[in-house]
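For reference, the structure is listed below as structure tokens.
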Protein chains: 2
Amino acid sequence: MVGYMKKNNLETKERILLAAQKEFAARGYAGARMEAIARGATINKAMLFYYFSSKDNLYRTVLFGVFSEIFGEIGRFVSRQLTPGLLLEKFPEIYIRFIARHPDLVRIMVFDLIHNPENVTAAMAEIVHEKISYKTHPLLVLIKRWYSQGLISEADPLHFMMNIIALSIFSFVGKPMVEAISGITVENNEDFYRKRIASVVNILQRGMLK
Amino acid sequence: MVGYMKKNNLETKERILLAAQKEFAARGYAGARMEAIARGATINKAMLFYYFSSKDNLYRTVLFGVFSEIFGEIGRFVSRQLTPGLLLEKFPEIYIRFIARHPDLVRIMVFDLIHNPENVTAAMAEIVHEKISYKTHPLLVLIKRWYSQGLISEADPLHFMMNIIALSIFSFVGKPMVEAISGITVENNEDFYRKRIASVVNILQRGMLK
DNA sequence: TATTATATTAACCACATGGTTAAACCAAAT
DNA sequence: ATTTGGTTTAACCATGTGGTTAATATAATA
């Protein structure tokens, strides 16, 4: 009598997490309704507490998943043989497209970045440091080497990465801003993102490549 | 019998708005408690409804104020005789310092940018377009001219501004991210911001100035 | 002073929400 | 067939929350 769970078990848990992610992203932690999550997963509300014991715990689980996905995307990219030129050319595209495909992840991350930095710190740290300290993190070490080789103009690898991520993420956050100012609704997302990617790559390469 | 209000009237309203701004910033719209706002303004909860009729309306008022302040800061800066070099050198500093001084404003703006873009669009539009359409907005016109004069490398004034704002705002959002990854708590904000400003100015000038 | 319009409060209310419970359900093991 | 242990549900519950109300206080006017 060990792991012979009902076939529905896993499915259910997964369905809950999906629905929770959507709800939390749409309304933020406080605005999210357990009832709505249950409805979204087409199960009884009590199941949420059966599997996750509390709203807070459910949220933490979702948050952890979000950061795993977001940093996973970065990690997957880094693994290859990288040059600064390649990083600055490809990363924005990959990241902006990833963001555009998973707006919920960004919403949750940014919300917590702003309202519960301690939460974020904990979740991020756990994921990023999975056996790797920041001083020996391959990407950061790589960036430092690039600088000492005179290939890039930004000495601090953290600021180097922040510049890239800032410009990429803001493509998403800034869209409504652009729409508001210009008074024009961006009808064609593809066009908008293509243009945004071009602009970001341009400023990054000119700005940080030597 | 026209404007002979009690002296406390204005004070009270102002106190409410201040407290509301704080509470909304700290907990987001859904998480904010009317009771807490009242306590923060040291008045009875009923006063909130007396002056602002509903939570939603109070929020709108706060939001409007937030955007006025944020865009006011930009407007104040633009009014002088600008060169692209000066803009890219001074704007990040002014903006990042403004943001650091008023984190609540950023929290509210970013929250709405992400969760209620329609809200933002409305509020922003009302403020930005106050008699000025985006096609004739002095700053955007200026940027366009710079491009046709070959002074900058970004043709679209909206993307030009987005790049600047993205890097500036992210200084604030990204701080906890840096802390999480590096595992080091930023003890000295002044040092952090100084370094951030330098990095942003560097990438902007190298990246968009010809 | 009496009147009038606004400002302020304590007590209240309807309702939504996170969380619980007790009972039923269902598949596998004996 | 019966037991066993995880799974699922309908019905509840305590509490918190946005919003109301009726009564009172306050200042300006006439």
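Naming convention: chains lettered A, B, ... in sequence-line order (proteins, then strands); numbering from 1 in each chain. What you are looking at is a predicted structure, and each value in this text was computed from that prediction instead of being measured.
Summarising the geometry, the separation between CZ on A:Arg39 and C1' on C:dG18 is reported as 15 Å, rounded to the nearest angstrom. Atom pair A:Ile16:CD1 and D:dT8:C1' shows a separation of 11 Å (rounding to whole Å applied). For the pair B:Leu58 CG and D:dT17 C1', the interatomic distance rounds to 15 Å; values are reported in whole Å. For A:Phe52 and C:dG19, the CZ to P distance is 14 Å, given to the nearest whole Å. Taking atom CG on A:Leu48 and atom P on D:dT7, their separation rounds to 15 Å, with Å as the unit. Regarding A:Lys55, its NZ atom lies at a distance of 8 Å from the P atom of C:dG19, rounded to whole Å. Distance B:Ile43 CD1 to C:dT9 P: 7 Å, rounded to the nearest Å. In this entry the distance linking OH of A:Tyr50 with P of C:dC25 reads 17 Å, nearest Å.
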Side-chain donor/acceptor pairs under 3.5 Å, residues 162-173 of chain B, sequence neighbours excluded:
unit_1: B:Asn163; atom_1: OD1; unit_2: A:Arg196; atom_2: NH2; d: 2.2
unit_1: B:Asn163; atom_1: ND2; unit_2: A:Ser199; atom_2: OG; d: 3.1
unit_1: B:Asn163; atom_1: ND2; unit_2: B:His159; atom_2: O; d: 3.2
unit_1: B:Ser168; atom_1: OG; unit_2: B:Ile164; atom_2: O; d: 2.9
unit_1: B:Ser171; atom_1: OG; unit_2: B:Leu167; atom_2: O; d: 3.3
unit_1: B:Ser171; atom_1: OG; unit_2: B:Ser168; atom_2: O; d: 3.1

I'd like a table of donor-acceptor pairs (distance under 3.5 Å, sequence neighbours excluded) in which one partner is a side-chain atom from residues 37-45 of chain A, with atom names and distances.
unit_1: A:Asn44; atom_1: OD1; unit_2: A:Ala46; atom_2: N; d: 2.8

For residues 60-72 of chain A, which side-chain donor-acceptor pairs fall under 3.5 Å, sequence neighbours excluded?
unit_1: A:Arg60; atom_1: NE; unit_2: A:Asp56; atom_2: OD2; d: 3.1
unit_1: A:Arg60; atom_1: NH1; unit_2: A:Asn119; atom_2: OD1; d: 3.3
unit_1: A:Arg60; atom_1: NH2; unit_2: A:Asp56; atom_2: OD2; d: 2.7
unit_1: A:Thr61; atom_1: OG1; unit_2: A:Asn57; atom_2: O; d: 2.8
unit_1: A:Ser68; atom_1: OG; unit_2: A:Phe64; atom_2: O; d: 3.0

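Between the CG atom in A:Leu17 and the CG atom in A:Leu58 there is a gap of 6.5 Å [rounded to 0.5 Å]. Note: A:Tyr193 OH to A:Asn188 CG = 11.5 Å, rounded to the nearest 0.5 Å. A distance of 3.5 Å separates CG in B:Asn189 from NZ in B:Lys175, rounded to the nearest 0.5 Å. With rounding to the nearest 0.5 Å, the separation of CD in B:Glu35 from CG in B:Leu48 is 9.0 Å.
Cation-pi geometry between A:Lys55 and A:Tyr29 is met: the NZ or CZ atom falls under 6.0 Å from the ring centre, inside 45° of the normal.
In terms of position along DNA chain D, the nucleotide closest to A:Met47 lies nearer the 5' end than the nucleotide closest to the other residue of the pair B:Phe49 and A:Met47.
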Distances under 3.5 Å between protein N/O atoms and the N/O atoms of nucleotides 10-14 of chain C, please, pair by pair.
unit_1: C:dA10; atom_1: OP2; unit_2: B:Asn44; atom_2: ND2; d: 3.4
unit_1: C:dA10; atom_1: N7; unit_2: B:Asn44; atom_2: ND2; d: 3.1

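Residues meeting the ring pair (Phe, Tyr, Trp, His ring centres under 6.0 Å) test with A:Phe98, sequence neighbours left out: A:His102.
The stretch residues 24-38 of chain A has no heavy atom under 4.0 angstrom from DNA chain D at all.
Phosphate proximity of D:dT8 to A:Tyr51: present, with a side-chain N or O under 4.0 Å from OP1 or OP2. Between A:Thr12 and the phosphate of D:dT8, there is a side-chain N or O to OP1/OP2 separation shorter than 4.0 Å.
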